[in-house]
Amino acid sequence: MLLKGPTCVGKTRLVVELAKRLPLRVISVDSACVYRGLDIGTAKPGPEERRIAPHYLIDLCYPHERYSAARFAEDARREIARARELGQVPVLAGGTMLYFRALEQGLADLPGADAALRKAIQGRARREGWPALHEQLRQLDPAAAARIAPNDGARIERALEVLRLTGRPISELWLDASGAAPPGYLKFALIPEDRGAWRRRIEERFDDMMKRGWLDEARALHALNLDPGLPATRIAGYRQLLEHLDGQFSLDEARVRGIRATKALGRRQLTWLRAERDIIRLVAENPQCVAQVENEIHSHWQIGEGLTPPREDCK
């Protein structure tokens, strides 16, 4: 089962409730939760949530390391196989849509990162801004630019890097993707119906994280003196707090910018989900979501999709 949704929509809450009813193996699909030590700002499930629904593919590497979509797909397939061995239902839940795509559609054979080229691209971005580089990408690879937000520095950088290294637009290479999609999977999209309330929840969660020590967590990350191009330093919220710690602007401004970046992330996730086909859409505010998903899973098992039947005490 795949459960996709934007940030701060209630995915963790849903899978925890579902784990009380069914034997799940929850596999995180979150490019931020893979990093150790980044707990508060990534909204990792807490100890009680993990007790009820153990989560896999979190805390896999350190902030100075890179974790890729290709590695995720490999790790996720291993966890899916393990779930089936143990008679569990594999539930892949999260909001990193590139990871979902890597698992479902496979990946193109892209070149590795080029440190010198990335440094040059990042230097230009600091001088001109990511929207200017996005415009360049639009001229060189309009298909890729249409799928990448003007401020999505990581993806703009990668698209320009691939173009320079291969001489081919990354959008063409995407079409060459290879890999087998997981067979017979139920797919759900958890969508907020009240967008205004959802945006307010993002603001409230940001402030709650700050009260729980997020700035101290960012200070520990800042003390590592990491390359600003590393994924761990670009996570929404962390990036703005790190910029504050660098003296670029006040903590109040970091809060405003961090909330804005988180909302922009959520909008990109929703845009991605709007293009999804063959997916069951759930209204996040609907209290019957858990029962609806449970019923769909039982029906899925009954028509035979290769998933292990539930234990008797979980029916």
Side-chain angles (χ1 to χ4, degrees), residues 5-9 12 30-44 58-59 61-67 94-98 118-119 121-134 148-158 192 195-196 198-272:
T7 185
C8 203
V9 77
T12 299
D30 191 314
S31 61
C33 287
V34 301
Y35 293 107
R36 296 173 188 169
L38 307 190
D39 302 325
I40 297 172
T42 60
K44 284 180 187 170
I58 62 176
D59 295 332
C61 54
Y62 293 99
H64 67 269
E65 299 175 291
R66 291 181 182 269
Y67 186 84
T96 302
M97 303 306 168
L98 179 61
R118 288 193 169 189
K119 186 175 181 180
I121 293 172
Q122 290 163 17
R124 187 177 165 203
R126 284 192 293 271
R127 294 190 303 272
E128 303 177 28
W130 286 113
L133 272 68
H134 184 270
I148 300 174
N151 285 305
D152 191 345
R155 296 183 70 200
I156 295 169
E157 175 189 82
R158 183 56 172 156
R195 300 297 171 86
W198 170 63
R199 288 189 288 269
R200 288 192 294 275
R201 285 197 301 274
I202 289 174
E203 296 173 9
E204 291 165 1
R205 187 177 70 170
F206 194 100
D207 290 337
D208 178 65
M209 288 173 171
M210 292 297 288
K211 291 176 184 175
R212 291 191 288 115
W214 190 6
L215 185 58
D216 289 335
E217 198 172 83
R219 283 196 182 99
L221 182 62
H222 186 260
L224 298 176
N225 280 323
L226 298 177
D227 184 326
L230 284 169
T233 67
R234 294 183 171 190
I235 299 169
Y238 284 95
R239 179 174 186 169
Q240 289 72 32
L241 291 177
L242 291 173
E243 290 170 341
H244 158 68
L245 293 171
D246 277 338
Q248 295 185 36
F249 38 73
S250 70
L251 183 57
D252 285 343
E253 180 65 15
R255 173 188 177 275
V256 171
R257 289 171 177 257
I259 289 172
R260 186 185 303 148
T262 306
K263 290 178 180 178
L265 168 64
R267 288 195 299 273
R268 292 195 299 272
Q269 291 167 320
L270 287 171
T271 298
W272 191 300

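- We find that Arg255 and Asp252 are not joined by a salt bridge, their nearest charged nitrogen and carboxylate oxygen being 4.0 Å or further apart.
- One finds the CZ atom of Arg36 at 7.5 Å from the CD atom of Glu65 (value rounded to the nearest 0.5 Å).
- Atom CG of Leu242 sits about 9.0 Å away from atom CD of Gln240, to the nearest 0.5 Å.
- Across all their heavy atoms, Tyr238 and Gly41 have their closest contact at OH-N, 3.1 Å.
- With 3.5 Å as the limit, one finds a donor-acceptor pair spanning the side chains of Arg205 and Thr7.
- Between Leu133 and Arg124 there is a side-chain heavy-atom pair separated by less than 4.5 Å.
- Rounding to the nearest 0.5 angstrom, the gap separating the CH2 atom in Trp130 from the CD1 atom in Ile121 is 7.0 Å.
- Residue Lys44 is tested with Asp39, Asp30, Thr12 for a side-chain hydrogen bond (donor to acceptor under 3.5 Å, both in side chains); the sole match is Asp39.
- Proximity of a side-chain donor or acceptor of Ser31 to a complementary backbone N or O of Thr96 within less than 3.5 Å is not detected.
- Contact check for Asp227 versus Arg118: no side-chain heavy atoms found under the 4.5 Å cut-off.
- The residues Glu203 and Arg199 are annotated as not salt-bridged, no charged nitrogen and carboxylate oxygen being separated by less than 4.0 angstrom.
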Next on the checklist: Determine whether Arg268 and Arg155 satisfy the following criterion, side-chain contact (heavy atoms from CB on, under 4.5 Å), listing intermediate values before the conclusion.
Outcome noted: CA-CA 12 Å; Arg268 292 195 299 272; Arg155 296 183 70 200; 6.0 Å; no
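- Residue Leu241 holds its CG atom at 10.5 Å from CG of Asp216, rounded to the nearest 0.5 Å.
- No donor-acceptor contact under 3.5 angstrom links the side chains of Asp152 and His134, judged on distance only.
- The minimum heavy-atom distance linking Ile235 with Tyr35 is given by the pair CD1-CD1, 4.3 Å.
- The two atoms that bring Tyr67 and Cys61 nearest to each other are CB-SG, 4.0 Å, heavy atoms only.
- The heavy-atom pair separating Pro6 from Gln269 by the smallest distance is CA-OE1, 3.1 Å.
- Across all their heavy atoms, Met209 and Ile40 have their closest contact at CE-O, 3.3 Å.
- Going from atom OG1 of Thr271 over to atom CE of Met97 covers 10.0 Å, rounded to the nearest 0.5 Å.
- Among all heavy-atom pairs drawn from Ala232 and Leu221, the shortest one is O-CD2, 4.0 Å.
- A 4.5 Å side-chain heavy-atom check between Arg195 and Leu270 finds at least one atom pair inside the cut-off.
- Between the side chain of Thr262 and the backbone N or O of Ala236, no donor-acceptor pair lies under 3.5 Å.
- If you take CH2 on Trp198 and NZ on Lys263, they are separated by 9.0 Å, rounding to the nearest 0.5 Å.
- A salt bridge links Arg257 with Glu253: the distance from a Lys NZ or Arg NE/NH1/NH2 to an Asp or Glu carboxylate oxygen falls below 4.0 Å.
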